[in-house]
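See structure below.
Start at 1 and go down the list; that is how both ligands and their atoms are numbered. Worth knowing before you read on, the calculation uses all heavy atoms, side chains too, and leaves out hydrogens, waters and symmetry mates.
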Amino acid sequence: MKTLVFLLVVAFAVGASAQQCQCKTMKWATCDGNPCECFHPVGTGERQALNCTNLIPKCILMKVEMYRSRAGMSVRGNIGGKPVETAFVDNDGIYDPDCESNGLFKAKQCNGTEECWCVNSAGVRRTDKADKDLKCEELVETHWVRIELKHKETTGAVDPAQLKTAIGNAIQERYQLDKAFVTDIEYDKDARLIVVDVKKAVGDRKADLSRMAYYMEKDVKVLPLFMDTKKFEPNVAGQKLEFDNILVYYVDEKAPTFTMKRLTGGVIAVIVVVALAVIAGLVVLFLARRRERAKYEKTQVRELDEIQQALS
Ligand SMILES: *[C@@H]1O[C@H](CO)[C@@H](O)[C@H](O)[C@H]1NC(C)=O
Ligand SMILES: *[C@@H]1O[C@H](CO)[C@@H](O)[C@H](O)[C@H]1NC(C)=O
C-alpha cells in the first residue's frame, strides 16, 4: 500500500513537472531537462532549438514543417483586395528555407535546388525565380500585412464599431503583437469579410508581422501551431467570431520586382476590350470619310453642271 502511494506521488510529480516543461507556442516540440529546453529535429541528427517564450520565427516553423512532411509526419491537416499596387500574396507556399541563426530568413532562397529567388522578411518570394548566381542584396522588410478574414455565420449581427477593439485584443493576446499595430479594419457584412491592416513604421526592425500572420493563417486554415487547441476567436461584444478563410497580402518597404510574365484574366479582358474599341473606331472613321468623299464628289458634279449651264 505504501509503495503504491509512493508510486502515485512520484507519477504525479513527474506528470506535473512534465506538464510545465512543454512548448506553448509549438505543439510538435520535444521538451525536457531542468531548465526546460525544447527542440524539433530538422534533419538527420540535426536539432533546431526553440525558445517557446515567444512565437517561433516563421523561417524556423517552415523548416520544421518541411522536415515533418519529408518524414511523413502530420503538417496540416471580394471587398478588400490589394491594399496598394505593390502588395502581393504567397503563391508558392512552403519550401525548405535557409534561416539565419536568429531565425530570420536569408534574403536568397533556393529550396535545396539550383533555382533561387529573393524573399522578404516574411519569407515570401518577391522576385522572379532565377539561377543560383542570383544576388539578393538585403532582406527587404514587410512593414504592412493586409489580412482578409471571412467569418462564419453568426446568430446575431456583428457590430462593426466593436470590431477593431475585438480583433486588436485577440491579436495581442494570442500572437504577442501590440494591438497598436492594428491600424485599420473594414467590414462587409454581406460578404462576411473583415479586412485587417497591420502596419508598422518603415524602418522598425523590432516588431515581426510575419509570425503573427503565419500563426493566424495556421489557426484559420489548418490547425493551431500552439500547444493548446483553442482557436482564434475574437469576441465582439459577447459574440465569438470563427473564420472560414484567410488571405494575406504583403507590402514591403521596397516594391517587389516580379515581371509580368503571365497575363492574368483581368488584364487580358482589358486588352481585348481596348482592341475592340480601336477596331470599332477605325471602322467609324473609314465610313465617315467615305460619306464625306461622296458628298464632296456630288457637290463637285453639281457645281460643274451649274458652270456648264451658265456657259451655255
Ligand atoms: C527566450 O526569449 C525571451 C524573450 O525574448 C528571453 O528573455 C530569453 O532569454 C530567451 N531564452 C533563451 C533560452 O534564449
Ligand atoms: C520546394 O521543394 C519541394 C520538394 O523538395 C517542393 O514540393 C516545393 O514545391 C518546392 N517549393 C518551391 C516554392 O519551389
Q) Any luck finding a side-chain donor-acceptor pair between Tyr187 and His151 under 3.5 Å? A) yes
Q. What are the atoms of ligand 2, with element, lying closer than 4.0 Å to any heavy atom of Ile94?
A.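 Counting from 1, the qualifying ligand atoms are 11 (N).
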Q | Contact atoms of ligand 2, heavy-atom distance to Asp92 under 4.0 Å | A |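 Heavy-atom distances to Asp92 below 4.0 Å select 13 (C).
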(Q) Using a 4.0 Å heavy-atom cut-off, which part of Thr113 comes near ligand 2: side chain, backbone, both, or neither? (A)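 For Thr113, no heavy atom sits under 4.0 Å from ligand 2.
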(Q) Under 4.0 Å, heavy-atom basis, I'd like to know which part of Lys129 is in contact with ligand 2: side chain, backbone, both or neither. (A) side chain
Test item: protein heavy atom less than 4.0 Å from [atom]:
| atom | answer |
| --- | --- |
| atom 2 (O) of ligand 2 | yes |
| atom 9 (O) of ligand 1 | no |
| atom 12 (C) of ligand 1 | yes |

Taking [X] first and then [Y], would you say they form a salt bridge - that is, a charged N and a carboxylate O separated by under 4.0 Å?
| X | Y | value |
| --- | --- | --- |
| Lys24 | Asp228 | no |
| Glu138 | Lys254 | yes |
| Arg70 | Glu65 | no |

Just to confirm my output: which protein heavy-atom neighbour is closest to [atom], and how far is it?
| atom | result |
| --- | --- |
| atom 14 (O) of ligand 2 | Asn111 ND2, 3.3 Å |
| atom 6 (C) of ligand 1 | Asn51 ND2, 4.2 Å |
| atom 5 (O) of ligand 2 | Met66 CE, 4.5 Å |

(Q) Within the structure provided, determine whether Asp184 and Glu186 are in side-chain contact (heavy-atom separation under 4.5 Å). (A) no
Q: On the 0 to 90° scale, with breaks at 30° and 60°, tag the Phe232-Phe243 ring pair as parallel, tilted or perpendicular.
A: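 Taking Phe243 first and then Phe232, their aromatic rings lie parallel (interplane angle under 30°).
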Q. Below 2.5 Å, is that where the SG pair of Cys23 and Cys31 sits?
A. no
Q) Does any N/O atom on Tyr95 come nearer than 3.5 Å to any N/O atom on ligand 2? A)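 No; every N/O pair is 3.5 Å or more apart.
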Q) For Tyr249, is the NZ or CZ atom of Arg146 found under 6.0 angstrom from the centre of its six-membered ring and inside 45 degrees of the ring axis? A)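 Not flagged: Arg146 not positioned over aromatic ring of Tyr249.
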